[in-house]
Amino acid sequence: MASETLVTLTNSTLVAAQAALDRANAAEAEAQSQVDAITAPFGVVDLQREYEQVDNQVKDLERRSPR
């Protein structure tokens, strides 16, 4: 019974953590789109940010792909 309780608590914590991460990612994406709206007309390119975006996309695809 203690094992089942621990599994339930762990799963609940995982779900809550994933939801918080999803909210944070959405907030970051919204903030970035606002920055892009300001900087795009000036042709500003942040190479570090571009690299990080591509790197994050690759990591996301790796996480989603079956092994």
Side-chain angles (χ1 to χ4, degrees):
M1 183 150 154
S3 177
E4 291 174 17
T5 302
L6 183 59
V7 168
T8 300
L9 288 172
T10 302
N11 287 338
S12 296
T13 302
L14 178 62
V15 168
Q18 185 62 53
L21 178 60
D22 292 344
R23 286 190 305 273
N25 285 337
E28 178 186 20
E30 175 62 24
Q32 189 59 58
S33 71
Q34 291 175 4
V35 168
D36 291 343
I38 294 168
T39 59
F42 302 106
V44 176
V45 176
D46 182 347
L47 294 179
Q48 178 65 32
R49 186 174 57 82
E50 293 292 325
Y51 170 81
E52 289 172 359
Q53 284 179 339
V54 170
D55 188 49
N56 287 337
Q57 290 171 349
V58 169
K59 288 176 183 174
D60 188 45
L61 288 172
E62 287 173 345
R63 281 192 301 269
R64 292 178 184 199
S65 68
R67 303 203 181 229

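None of these values were measured; they are calculated from a predicted model.
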Do Asn56 side-chain atoms and Glu52 backbone N/O form a donor-acceptor pair below 3.5 Å?
-> yes

Determine whether the side chains of Gln53 and Gln57 contain a donor N or O and an acceptor N or O closer than 3.5 Å.
-> no

Consider only side-chain N and O atoms of Glu30 and Gln34, and report whether a donor and an acceptor are under 3.5 Å apart.
-> yes

Would a 4.5 Å heavy-atom cut-off, applied to side chains only, mark Asp36 and Arg49 as touching?
-> yes

State whether the number of non-hydrogen atoms from other residues, nucleotides or ligands found under 6.0 Å of Glu50 atom CD is greater than 12.
-> yes

For Leu21, side chain to side chain contact (heavy atoms under 4.5 Å, CB included) partners two or more places apart = Gln18, Asn25

So CG of Asn11 and CG of Leu6: to nearest 0.5 Å the spacing works out to 9.5 Å

